[in-house]
Novice: 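This structure is in structure tokens; I'll ask about it shortly.
This chain uses plain numbering: 1 for the first residue, then up along the sequence. Computation of the quantities below employed the complete heavy-atom set of this structure, encompassing side-chain atoms and omitting hydrogens, waters and symmetry-equivalent molecules.
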Amino acid sequence: MAGKKIAKNIKFEEALSELEAVVEKLENGELPLEDAIEEFQRGTELSKICLEKLNRAKATVKKLVVDPDDETDYHTEDFAEMEDESAGSDWEGND
């Protein structure tokens, strides 16, 4: 089984779908060892691609913040800032 090349411009959904297919093949347990190793390597590459695409998407997400003193005024914050703020609080408002 020759390893198939992964297109550099593969879309996230395609990479994820292929990764799920690889996992299914490996979980099946019926592949010869050499094929299983190739599938594992392919899955690793697909996983990296998915993670890179998710990280790029995450970097572009912005949080819209309304000024509590003036609800007509707002600004945006980077996703990372939003993540830092939410890390110290819980979802039920019991800060």
Novice: For Gly43, is there any backbone N or O sitting under 3.5 Å from a side-chain donor or acceptor partner on Ser47?
Specialist: no

Novice: Kindly compute the distance separating CG (Asn55) from SG (Cys50), expressed to the nearest 0.5 Å.
Specialist: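 Asn55 atom CG to Cys50 atom SG measures 11.0 Å (nearest 0.5 Å).
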
Novice: For Lys53, enumerate each residue passing the side-chain contact (heavy atoms from CB on, under 4.5 Å) test, keeping only those at least two apart in sequence or located in another chain.
Specialist: Ile10, Phe12, Ile49, Arg56

Novice: So which pairs with a foot in residues 11-20 pass salt bridge (charged side-chain N to carboxylate O under 4.0 Å, His left out), sequence neighbours left out?
Specialist: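 Counting only pairs at least two positions apart or across chains, the salt bridge (charged side-chain N to carboxylate O under 4.0 Å, His left out) contacts touching residues 11-20 are Glu18-Arg42.
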
Novice: Among Ile, Leu, Val, Met, Phe, Trp and Tyr joined by side-chain contacts under 4.5 Å, find the other residues sharing a cluster with Ile37 and list them by chain and number.
Specialist: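 Taking Ile, Leu, Val, Met, Phe, Trp and Tyr as members, Ile37 shares its hydrophobic cluster with Leu33.
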
Novice: Report whether Leu19 and Ile6 are members of the same hydrophobic cluster (ILVMFWY, side-chain heavy atoms less than 4.5 Å apart, transitive linking).
Specialist: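 Yes.
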
